[in-house]
J.: 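Mind having a look at this structure? Questions to follow.
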Amino acid sequence: MSILMYKQRHRHPNYRKTPKCNYAHIGYIATRPGAVKNEGMRHGLFGKLAPGEVCEFETWQEAARLVRELSYRRVNMYRSIISFTPETAAELGLAGHGAWQEYIDRHILTLAKRNGIRVQDLQWVAAHHNERGHPLHSRAGGRLLRQQMRACHAL
C-alpha cells in the first residue's frame, strides 16, 4: 500500500522579503548538499517555465530570477510537501533523477488543478535530494505554484 503525506503553505506575497526569500530558497534546494545534480552541472534544478518538455536549466539563477520577478508582482507561490515511505518510492519506481523528473511532470497538473491553477498559468521548477535517512525533496515553483515534494528514499 502506498503511503503519502501532503502539506502545503506559502509565504504571503505582500511581505517585503518574500521575493528575496523565494529566490534564495530556489538556490538552496538546487545546490544544497545531497542535491542530485544534473549531468555536467553544479545544481539539480529542472522543470517547465514554458509549454513543452521538462528541461534542466543552465543555471539555477535562471529559474530563481523568474520566481523572484513573479513574487515582486505579488503572485502567490505555493509550497507543498509530499512525503513517501522508502517502500512507496520503490513501488513507484523513483530510483533515479530521471524517474523523479517524469513523476513530477505527470502529477504536477493534479496539484495545480486542486489549487485552482489553470494549466496555461502553470510554471514549475524542482530539485531533489537523495540521502540515506533523509527525505528526498523536490520543489516545484511556478507562476502560481511552487511545489515541494519529499520522499523518504533508501539508497
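Positions are given from 1, in the same order as the sequence printed here. Computed from a predicted structure; not experimentally measured.
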J.: State, to 0.1 Å, how close Ala30 and Ala35 come at their nearest heavy-atom pair, and which atoms those are.
T.: O-CB, 3.8 Å

J.: How long is the straight-line distance from CZ of Arg68 back to CD1 of Ile26, given to the nearest 0.5 Å?
T.: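 Separation between the atoms: 11.5 Å.
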
J.: Tyr15: what forms a ring pair (Phe, Tyr, Trp, His ring centres under 6.0 Å) with it, not counting sequence neighbours?
T.: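 Partners of Tyr15 by the ring pair (Phe, Tyr, Trp, His ring centres under 6.0 Å) criterion, ordered by chain and then number, come out as His12.
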
J.: To the nearest 0.5 angstrom, please state how far the CD atom of Glu102 sits from the CG atom of Leu94.
T.: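 Reported value, rounded in 0.5 Å steps: 9.5 Å.
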
J.: Show your reasoning for whether side-chain contact (heavy atoms from CB on, under 4.5 Å) applies to His25 and Val67.
T.: CA-CA 10 Å; His25 188 75; Val67 168; over 6 Å; no

J.: What class does the angle between the rings of Trp100 and Tyr103 fall in, given that below 30° is parallel, 30 to 60° is tilted and above 60° is perpendicular?
T.: perpendicular

J.: How many angstroms lie between CZ in Phe57 and CE in Met41, if you round to the nearest 0.5 Å?
T.: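 Here the interatomic distance stands at 10.0 Å.
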
J.: Compare every heavy atom of Thr31 with every heavy atom of Arg42, then report the nearest pair and how far apart it is.
T.: O-CG2, 4.0 Å

J.: Would you name the heavy atoms of Ser71 and Asn22 that are closest together and state the gap between them?
T.: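 Heavy-atom minimum between the residues: OG-ND2, 2.9 Å.
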
J.: So which atom in His97 and which in His128 form the shortest heavy-atom distance, rounded to 0.1 Å?
T.: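 Taking His97 first and His128 second, the nearest heavy atoms are ND1-CE1, 2.8 Å.
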
J.: As an exercise, state the distance from CD1 of Ile104 to CG of Leu111, rounded to the nearest 0.5 Å.
T.: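 Interatomic distance, Ile104 CD1 to Leu111 CG, rounded to 0.5 Å: 10.0 Å.
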
J.: Measuring from Arg16:CZ to Cys21:SG, what's the distance to the nearest 0.5 Å?
T.: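 Output value for this atom pair is 10.0 Å.
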
J.: Is the closest basic N to carboxylate O distance between Glu69 and Arg65 below 4.0 Å?
T.: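 No, this pair does not count.
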
J.: Using 0.5 Å steps for rounding, measure from the CD atom of Glu56 to the CD atom of Glu39.
T.: 8.0 Å

J.: Without swapping roles, check the side chain of Lys48 against the backbone of Gly52 for a donor-acceptor pair under 3.5 Å.
T.: yes

J.: Would you say Tyr72 ends up clustered with Tyr23 if hydrophobic residues are merged whenever their side chains have heavy atoms under 4.5 Å apart, either directly or through other cluster members?
T.: no

J.: Can you check whether Glu62 reaches Val125 side chain to side chain, under 4.5 Å on heavy atoms?
T.: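 In short, these two side chains do not touch, never coming nearer than 4.5 Å.
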
